[in-house]
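All residue numbers refer to positions in the sequence shown, counting from 1.
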Amino acid sequence: MERQVMENSTLTRKEREKIRHKGEILNTAMDLFSEKGFHNVSMQDIAARSEYAVGTLYNFFQSKEQLFDELRNDCADKILQILCPILESEKPEKEKIQSFIMHHLDLAEQNLKFIKLYVAEYGTLTVSEEAHANKVKKVLKEKIFGVLNSGIKAKIFKPVDIEIYILSLFASLQSFIMESSKNYDQAKVKSGLEKIEKLFLGMLVNE
């Protein structure tokens, strides 16, 4: 956040205005997609709701698909902003895994509109969407691999197959969050994540 503020402070007024306008268009598009579904919303609808000319929208986005891509990229950035600092922290390995799992509550809440839209439109990841999601998974996988490897060497963790463990953990969290988004209930999501935490730490921690 501080970095973003510093970067914005070096921009001209015109550049800051452009960023603000783009953000307003993205927020409006997200609201409309959530209300009506992606395929039922046109660029004209977004322009009308955001009170910008259609031509202005096309100055920012060549198509509705590109606009959706931007929303997806924003979601991916938020995921990394929430989860990477946890895995990079100085906390003990067990706490890192606990926090990684439980912070999926923040992840769900900050991206709920997009997740609900995605589930409604696609249900599950298509091949092309999976390729995009793998960019985020690759970053997180590398960081979790380091945490698990360190914990195993310190005998905090059992000598699990790290690749299989990460694959199973990611699949469980992804499917749980996507399914929970349909009828989101914060208490139920927190309870479900606690159960996932108990399950995966039970497989991992040397007691």
So do the side chains of Leu67 and Phe33 get within less than 4.5 Å of each other, counting heavy atoms only? yes
Report yes if the side chains of Leu80 and Leu140 come closer than 4.5 Å at any heavy-atom pair, otherwise no.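 Yes, their side chains come closer than 4.5 Å.
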Any chance you could measure [X], atom [atom1], to [Y], atom [atom2], to the nearest 0.5 Å?
| X | Y | atom1 | atom2 | answer |
| --- | --- | --- | --- | --- |
| Phe100 | Lys143 | CZ | NZ | 11.5 Å |
| Leu107 | Leu112 | CG | CG | 10.5 Å |
| Lys141 | Lys138 | NZ | NZ | 10.0 Å |

Kindly work out whether a path of hydrophobic side-chain contacts (I/L/V/M/F/W/Y, heavy atoms less than 4.5 Å apart) joins Ile79 to Leu167.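 In one cluster: no.
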Phe38 six-ring centre to Lys64 NZ/CZ under 6.0 Å and within 45° of normal: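 Yes - Lys64 lies over the ring of Phe38, closer than 6.0 Å to its centre and within 45° of its axis.
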List the atom of Lys182, the atom of Lys116, and the distance in Å for their closest heavy-atom pair. O-CE, 4.4 Å
Pair [X] + [Y], salt bridge at N-O below 4.0 Å:
| X | Y | result |
| --- | --- | --- |
| Glu24 | Arg20 | yes |
| Asp45 | Arg49 | no |
| Glu15 | Lys18 | no |

Can you say whether the rings of Tyr118 and Phe114 are parallel (under 30°), tilted (30 to 60°) or perpendicular (over 60°)? tilted
